[in-house]
Amino acid sequence: MAVAAESVTPSTAEISAFEKIDDLFNSFKKTNILVAAIKLGVFTAAHGEHRTAEEIARQCGVHESKKLDPLLDVLVSEELLVRQAGVGAKSAPVYANSEGADLLLGDPKTPTYLQSVGVMMDHFQKEMVQWGGMADVLRSGVKTHTAAHYKDGHHGCEGHHGSEGHHGCEGHHGGEGHHGCEGHHHGPKPEKLPDCHDESAAVEEDEWSGLYDIFEAFMRISFNLLPERFDFSKFRHVVDLGGGTAQLSRILARRVPHLHCINFDLPRVQAAAQKRMELVGRDVMDRVRLVGGNCLTDDIPQPVDLIVAANMMHGFGDDATRKLLIQRAYDALKAGGAFMVVEEIVNSDRGNFPALLMQLSMQIDTECGGEQGSGRSLLTTDQLCEWTGAVGFGADASTVSLVGSMCAMVFYKH
């Protein structure tokens, strides 16, 4: 027993480290709080009007409202619920969803609702087991039993979108969205994945449709922020590599009326994109073209003055493939064109925690996670600047912050 340190005034460094350690030890509780609230239906019950804890408990099937009080208090402190003093017949405090939580979790019938939340919670339960074996995975390089439920390539499977690589399995978007699978925001993967590079691989519609929804849900906000934070006025023709369900193309065509977009992905992925295209207006449909192909072997469609690779490059298993994609993008562009990489990118000082968590997740979830060509990994700003500069892109890259550690790095051909 370290009795000698009992009466020593703790240093600032010791206090700070203790607080960080305590926070890390307790972080899993926050996730379980969110999962419990969703499973109970707290956000659905708090949608539309302010309700007392007793009313929410009744709607959630909780017999004693007092048992729900601590959960509601934590959700208030996390700014997912708001609490007000009761008035009139409701003398007890009343609760309602915060504005943001109501949009994402309040009403399943609204377009902003996270439709994939149920699948995400199932994935969380599996990840709890998987992450519990992290030390063994890092020591041995062998995946945990839970990780083995997934094929080694999720992340890589067809692209950011959908092709060739992303996060998603078919799509950078995989469907519009994805962040994803895999980690931070990333949703689950099916237990069996087709060979990403086998054009004849049979992909069951029902197996992928749920994943497409997850990817789209995670990427919707980031993609909608792009037109707000990046100036598209100099560009007319956009090609989205591995664009999956064409979510980015649809959003850009809708938000930036002068843009013409091409969703370039494997032919089998374009069927899912076509179904979603049938739901948009004629103006958007006329300015989005679906082209089947492999961005590593087939010619990049023309005309193009902006090429986008979203949630895609980290899915490649080696740096040579990433460099090849950059070279092909450079060759396809004319002077004045640009190459945009939308990813969770690790900054030079390796200080952005969400991206680092994603990096660690990829090491646990793939047999060859790691850096410098050893497997799928997030990119760093230094890597991207080095590789793009080596093929001829200018040093005047710009960075656009999106959601969390998601950002867009833009490289220009002069």
Side-chain angles (χ1 to χ4, degrees), residues 10 12 14-88 90-108 110 112-114 116-118 120-125 127-128 131-132 179 183-187 217-218 220-222 225 351-358 361 401-406:
T12 302
E14 183 182 3
I15 294 170
S16 176
F18 179 84
E19 289 175 343
K20 290 182 186 299
I21 291 169
D22 185 60
D23 181 60
L24 286 170
F25 266 124
N26 286 284
S27 293
F28 78 97
K29 295 177 183 177
K30 291 185 178 182
T31 308
N32 280 284
I33 285 166
L34 178 61
V35 169
I38 294 171
K39 283 185 175 180
L40 288 169
V42 170
F43 298 107
T44 303
H47 170 69
E49 64 177 90
H50 288 77
R51 291 182 170 85
T52 63
E54 185 176 351
E55 291 171 328
I56 293 175
R58 189 181 308 120
Q59 191 165 331
C60 294
V62 176
H63 299 295
E64 294 181 41
S65 62
K66 288 184 178 180
K67 292 185 176 180
L68 196 63
D69 285 344
L71 176 62
L72 299 181
D73 290 338
V74 172
L75 293 174
V76 169
S77 71
E78 291 297 316
E79 299 181 351
L80 294 174
L81 292 182
V82 293
R83 180 178 54 227
Q84 296 179 359
V87 292
K90 296 181 179 181
S91 56
V94 291
Y95 300 84
N97 293 330
S98 66
E99 182 181 359
D102 202 52
L103 288 170
L104 296 173
L105 299 170
D107 183 2
T110 60
T112 57
Y113 185 81
L114 285 177
S116 56
V117 70
M120 289 158 56
M121 289 193 298
D122 177 63
H123 182 59
F124 161 72
Q125 301 295 340
E127 277 203 320
M128 285 292 287
W131 279 68
H179 212 191
H184 136 254
H185 341 84
H186 308 259
F218 276 124
R220 177 182 61 83
I221 294 177
S222 286
L225 284 176
N352 45 339
F353 189 66
L356 296 175
L357 276 183
M358 181 60 182
S361 177
S401 297
L402 300 173
V403 170
S405 57
M406 188 69 66

Flag the pair Leu81 / Phe43 as yes when at least one side-chain heavy-atom distance between them is below 4.5 Å, and no otherwise. yes
For Ile21, all residues meeting side-chain contact (heavy atoms from CB on, under 4.5 Å), sequence neighbours excluded: Phe25
Kindly write out the residues that satisfy side-chain hydrogen bond (donor to acceptor under 3.5 Å, both in side chains) with Lys20, not counting sequence neighbours, or none if the list is empty. none
Find out whether Leu225 and Ser222 are in side-chain contact, i.e. whether some heavy atom of one side chain is under 4.5 Å from a heavy atom of the other. no
Of all heavy-atom pairs between Ala37 and Leu75, which one has the smallest distance, and what is that distance? CB-CD1, 3.8 Å
Contacts of type side-chain contact (heavy atoms from CB on, under 4.5 Å), residue Leu103, not counting sequence neighbours: Thr112
So for atom CD, which belongs to Gln59, do other residues, nucleotides or ligands contribute more than 12 heavy atoms lying within a distance under 6.0 Å? yes
Partners passing side-chain contact (heavy atoms from CB on, under 4.5 Å) against Val82 (at least two apart in sequence or in another chain): His50, Ala96, Ser98
Keeping to residues at least two apart or across chains, list the side-chain hydrogen bond (donor to acceptor under 3.5 Å, both in side chains) pairs with something in residues 32-47. His47-Asp102
Salt bridge (charged side-chain N to carboxylate O under 4.0 Å, His left out): pairs with one or both residues in residues 73-82, sequence neighbours excluded: Lys30-Glu78, Asp73-Arg83
Among all residues two or more places apart in sequence or in another chain, which pass the side-chain hydrogen bond (donor to acceptor under 3.5 Å, both in side chains) test with Asp22? Asn26
Can you tell me how far CD of Glu64 sits from CG of Asp69, rounded to the nearest 0.5 angstrom? 11.0 Å
Mind checking the CD-NZ spacing from Glu54 to Lys66? Nearest 0.5 Å is all I need. 10.5 Å
Quick check for you: to the nearest 0.5 Å, what is the distance between Leu71 atom CG and Ile56 atom CD1? 9.5 Å
Could I get the full list of side-chain contact (heavy atoms from CB on, under 4.5 Å) partners for Pro108, not counting sequence neighbours? Tyr113
State, to 0.1 Å, how close Cys60 and Ala45 come at their nearest heavy-atom pair, and which atoms those are. SG-CB, 4.2 Å
Look up atom CD in Glu49 and atom CG in Asn97, then write down how far apart they are to the nearest 0.5 Å. 12.0 Å
Atom CD1 in Ile33, atom CZ in Phe28: separation rounded to 0.5 Å? 9.5 Å
Which value, rounded to the nearest 0.5 Å, describes the distance between Leu72 atom CG and Leu80 atom CG? 11.5 Å
